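Worksheet: the structure to be examined is printed underneath.
It should be emphasised that the depicted structure is a prediction, and the values quoted were computed from it without experimental measurement. We name chains A, B, ... by the order of the sequence lines, and we start the count at 1 in each one. All heavy atoms count here, side chains included; hydrogens, waters and symmetry mates do not.
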Amino acid sequence: MATYTLKRSPGVAERFRIDYRGELNDAQYQAATTLQGPVLVVAGAGSGKTRTLVYRVARLVETGVSPRAILLLTFTRRAAQEMLRRAEGLLEGTLEGVTGGTFHSFANTVLRRYAKLFGWPEQFTILDRSDSEDTVQLARVRLGLDKKERRFPRKQALAAMFSTAVNKALTVTEVIEREYPHLATEIEDILRCYAAYVEYKQERNLLDYDDLLTQLRDRLSGEPEFANRLGQVFRYLMVDEYQDTNSLQADIVALLARPHGNVMAVGDDAQSIYGFRGANFKNIMTFPDRFPGTQVITLEENYRSTQPILDVTNAIIAAAAERYSKTLRSRRAGGVRPVLVPAPDENFQSRFVCQRILELAEEGIPLAEIAVLFRSSFHSFDLELELVRAGVPFVKRGGFKFLETTHVKDVLAHLRVLANPRDAVSWHRILLLLEGIGPRAAEAILEWMSEPGRPRAALGEFPGALRGAALISLRRLAGLMATLDPEERRPAELVGQVIEHYQPILERLHREDAPKRLRDLEQFAVLAERYRSLGRLLADMALEPPSDSVGDVLAVDAREDELLTLSTVHSAKGLEWHTVFVIWVADGRFPSLYSLDEEEIEEERRLMYVACTRAKENLVLSYPLAVHDRVLGFTMARPSRFLDDVPSQLFEPVTLVEAE
DNA sequence: TACAAGTAAGTTTTT
DNA sequence: CTTACTTGTA
């Protein structure tokens with residue numbers, strides 16, 4: 001197809017409502033106003049990266065680009081929304097139509113929209129991690145690999161291997177050789193399991209997270225019409241957090257940009273923290289090779305933190321083995337030194353943090369401006385108890401979500417078979433909940449149900465031999481399926497019906513804490529009110545689950561803006577607070593005990609860097625001197641090795657003493 | 001064949 | 001704390 005380029009009429013594009021020159025520094029201005037061709041922005045922490053992206057979106061729209069032609073791939077949907085909200089505020093005029101989201105959610109949207117083009121069924125179900133694990137387990141049982149001696153890996157380990165292979169562009173065999181050498185003897189069975197898993201997904205229209213990406217890539221490279229249409233729709237591509245993309249995602253970016261070459265990648269190699277799922281921060285180094293003619297722009301001025309904080313973070317990252325060299329300089333005067341606090345044990349640490357937070361609140365710092373960060377989500381358990389005791393309301397980000405609890409997943413499974421009747425994983429789950437039905441019976445029923453022309457409600461007519469209780473509960477389920485009508489009922493109504501059906505099951509299975517779990521389900525029903533389509537609800541639950549963890553019931557009556565944040569460092573990326581506490585800055589916790597290889601240590605270092613660069617005014621690092629280990633009892637802890645690289649005079653030392 | 005109860009072992013970070 | 005696997009009973 002020949003292209004004919006229309007010239008922009010002079011005079012129209014010359015006048016902008018926004019004073020880009022005045023509101024951005026030179027590097028930011030250059031990034032925001034370079035609209036054509038490939039651009040790489042290497043943006044240090046706090047250097048106004050989001051601001052720059054926001055202004056660039058505004059600039060594109062002001063020069064006459066339709067918002068619909070702009071595609072913003074960010075790390076979380078929250079980041080995309082935040083960006084659009086700010087751009088909206090800037091331009092008042094409407095930015096409606098800008099597409100934004102994660103690679104996964106974008107893949108989901110376009111694969112569904114163009115499903116007909118490549119002869120796919122309209123409905124496919126997305127498997128989240130634990131669904132994938134369950135599916136692997138089904139494949140494993142089917143192959144008779146569950147009756148083996150104890151050496152055979154469990155479902156989590158298997159699913160992790162398969163995923164690693166996809167995300168690091170390796171074969172399963174290579175992954176085992178590199179990362180699971182002790183399983184070398186099992187390779188054959190593991191590969192059989194993998195093949196069964198792949199086949200199972202294909203038969204049942206199931207896509208796991210990795211399939212979303214591989215399918216998008218393969219359709220883009222294999223279906224010219226699809227690639228062309230997308231290329232015509234999305235003519236300006238922006239990718240945030242580029243250092244956290246893996247080679248699969250980098251391929252997708254290249255394929256999307258191929259028709260027009262307008263792609264801006266923004267990132268910071270020093271903040272690459274997703275290597276464990278295949279991200280390769282070298283992507284950002286090789287971007288200019290991949291896109292010839294790339295303009296590289298570096299943002300080094302920091303607007304977030306005070307200089308004493310930057311002195312510490314610069315020292316931490318200076319010891320990194322490999323990186324683009326840049327040293328952040330603060331634009332902000334003054335500031336106090338970060339504080340380093342050794343605590344006698346974990347509970348001292350918790351009490352210290354809690355007490356300081358209360359004092360800061362007293363001084364007028366809003367709780368929403370304070371965060372406590374940690375390496376792994378269980379590190380905050382003790383602190384959470386302390387905060388509840390002190391009546392400090394908080395939200396916890398990262399870690400276990402309430403969507404991942406068994407009871408919520410059970411309810412979701414009922415909804416999923418409505419959207420995709422072939423979703424055998426969900427059927428399996430539902431059937432096993434019934435009294436008197438175990439794996440054998442479930443398998444037989446599914447087999448029978450899979451014959452064409454059997455509606456969901458036909459369950460009750462299953463001819464196989466079943467005991468009394470099983471027959472009754474199966475009929476009851478059939479009754480529910482007959483009533484549920486996804487065409488007629490709103491998602492929230494469906495959820496209500498399912499909960500009603502599920503309540504007695506829940507009471508039988510979890511006698512102890514049924515009321516607590518029921519409250520979670522009510523919470524879920526409330527959440528479902530926001531949706532008009534069941535498909536949308538299910539896709540969101542898999543791709544963009546609500547980020548709050550289980551059990552911040554305390555937060556119910558506190559206002560959103562009056563909550564303290566507890567967060568894993570991973571979930572804190574891109575955010576900032578007036579005061580940041582980092583707890584458990586001890587070797588074995590941060591860096592994690594499980595990440596002691598050379599490359600992994602480098603990533604842990606970057607993670608520490610990300611944690612500390614979240615702070616604007618106050619940074620407080622603490623670690624317990626004695627650690628309680630379930631096996632070893634109390635042992636001595638050593639401060640994080642990353643502190644060794646920081647000259648001690650950069651810290652304000654503090655000693656904790658108990659009141660008389 | 002289903003299930004309760006008991007033992008043993010694995011536990012990072014996220015889409 | 002969860003889940004995987006075993007054993008004993010209906």
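Between Ile273(A) atom CD1 and dT14(B) atom P there is a gap of 9 Å when expressed in whole angstrom units. For Leu433(A) and dC3(B), the CG to P distance is 11 Å, given to the nearest whole Å. Computed from coordinates, the Glu603(A) CD to dT14(B) P distance equals 12 Å when rounded to whole Å. Rounded to whole Å, the distance from NZ on Lys409(A) to C1' on dT2(C) is 14 Å. If you measure from atom CZ of Arg375(A) to atom C1' of dT11(B), you get 13 Å, rounded to the nearest angstrom.
Candidate nucleotides dT15(B), dA4(C), dT12(B) were compared by shortest atom distance to the side chain of Thr102(A), and dT15(B) ranks first. The listed nucleotides are dT13(B), dA4(C), dT15(B); the one nearest the side chain of Thr568(A) is dT13(B). Closest to the Arg277(A) side chain, of the nucleotides dA4(C), dT15(B), dT13(B), is dT15(B).
Residue Ala441(A) is the one, among Ala441(A) and Ser592(A), whose nearest nucleotide of DNA chain B lies closer to the 5' end (criterion: closest heavy atom). Comparing Tyr209(A) and Glu600(A) by the nucleotide of DNA chain B that holds the closest heavy atom to each, the one mapping nearer the 5' end is Glu600(A).
Contact check, Ser377(A) against dT12(B): no side-chain N or O comes under 4.0 Å of OP1 or OP2. Between Arg508(A) and dC3(B) there is no side-chain N or O to OP1 or OP2 distance below 4.0 Å. For dT14(B), the OP1/OP2 oxygens have a side-chain nitrogen or oxygen of Ser571(A) closer than 4.0 Å.
In terms of polar N and O atoms assigned as donor or acceptor, the side chain of Arg129(A) comes within less than 3.5 Å of the base of dT14(B) in a complementary pairing. Between the side chain of Arg440(A) and the base of dT1(B), no donor-acceptor pair of N or O atoms lies under 3.5 Å.
Remark: dT11(B) base-pairs with no nucleotide in the shown strands. Criterion, Watson-Crick or G-U wobble with two distances under 3.5 Å.
Evaluation of Tyr274(A) against the base of dT13(B) yields no stacking contact (centre distance < 5.5 Å, interplanar angle < 30° required).
Taking the six-membered ring where the residue is Trp, Tyr274(A) and Phe276(A) present tilted rings, their angle falling between 30° and 60°.
Between the side chains of Asn108(A) and Arg112(A), a donor-acceptor pair is found at a separation under 3.5 Å. Counted by atom type alone, Thr214(A) and Asp210(A) present zero donor-acceptor pairs between their side chains at under 3.5 Å.
Counting non-hydrogen atoms under 4.0 angstrom, Phe103(A) reaches nothing in the nucleic acid. Using a 4.0 Å heavy-atom cutoff across all strands shown, Ser595(A) reaches at least one base atom of the nucleic acid.
Note that Arg277(A) lies outside the cation-pi zone of Tyr209(A), set by a 6.0 Å cut-off to the ring centre and a 45° limit from the axis.
Glu604(A) places a side-chain N or O within 3.5 Å of a backbone atom of Ser592(A) that can act as its donor or acceptor partner.
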